[in-house]
Amino acid sequence: MTGLTRYLRSSEIGRRRSARAVNSVASLRSLNDELKSVGRLPRIFNAVVAILFLVVVWAGWVASGNVVMAVVFAVLPIAVAVCALPVKAWATEDSLFVRSYFSTFEFRFSEVITFIDLPYSGVWNRFSGVDGWLNLRLRMIEVALEDGRDVPLPATMSGARVGSRLADFLNSRVKDAPNG
């Protein structure tokens with residue numbers, strides 16, 4: 001093999017490797033772009049509840065002259081709305097991180113069997129998990145792990161299309177994940 005052949009062969013291998021790396025970075029970037037939707041609905045729901053509470057209940061108590069009680073009861077919906085601000089998800093090459101209201105979960109893609117798109121089951125529908133008018137057709141992701149645990153992630157609350165698309169994107173990072 002001549003030096004030129006060796007060079008051409010090594011540069012071809014290098015191009016293939018760099019193309020795979022670019023595709024991997026692009027797919028990771030597109031996954032993280034998709035994960036930006038996580039946390040949007042919890043923030044919206046909490047803000048709406050806080051605003052409604054403040055307008056209806058708090059305004060009534062202020063009008064009645066009981067400002068101290070109005071301030072005391074205004075703290076809870078405002079605190080819940082503030083707790084929803086850091087809810088988000090992001091991915092690295094080998095892990096998914098989901099920041100919930102009070103905790104952060106890390107799932108290594110190598111330990112995940114599949115990501116499942118399920119009807120939302122959380123605080124907003126009293127943990128019913130029923131698809132219907134009470135659930136507003138909301139979805140969430142549940143993670144099936146190799147150790148047999150299924151971890152529900154209510155912080156990933158989303159609409160039906162976003163939920164299924166998110167599960168598909170996440171399953172594309174898992175080896176041998178079932179399709180659909």
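Not measured: the values here are computed from a predicted model.
- Interatomic distance, Leu31 CG to Ser172 OG, rounded to the nearest 0.5 Å: 6.5 Å.
- If you chain together hydrophobic residues whose side chains sit under 4.5 Å apart, Leu145 and Leu96 fall into the same group.
- In summary, the side chains of Ser95 and Arg108 do present a donor paired with an acceptor at a separation below 3.5 Å, with no hydrogens or angles considered.
- Ile116 and Phe107 fall into different hydrophobic clusters, defined by Ile, Leu, Val, Met, Phe, Trp and Tyr side-chain heavy atoms under 4.5 Å apart, directly or through other members.
- Below 30°, between 30° and 60°, or above 60°: for Phe115 and Phe109 the angle between ring planes is above 60°, a perpendicular geometry.
- The closest side-chain donor-acceptor pair between Ser164 and Asp117, if any, does not fall under 3.5 angstrom.
- Considering CD of Glu146 and OG1 of Thr114, their distance stands at 12.0 Å, rounded to 0.5 Å.
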Might you work through the side-chain contact (heavy atoms from CB on, under 4.5 Å) test for Leu28 and Glu93, ending with a clear yes or no? CA-CA 7 Å; Leu28 182 61; Glu93 200 57 44; 3.7 Å; yes
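- Side chain of Thr104 to backbone of Arg99: no donor-acceptor contact under 3.5 angstrom is found.
- Asn32 places a side-chain N or O within donor-acceptor distance of the main-chain N or O of Ala91, the cut-off being under 3.5 Å.
- We find that Asp33 and Lys36 are joined by a salt bridge, their nearest charged nitrogen and carboxylate oxygen being less than 4.0 Å apart.
- Not a single donor-acceptor pair under 3.5 Å links the side chain of Ser100 to the backbone N or O of Ala155.
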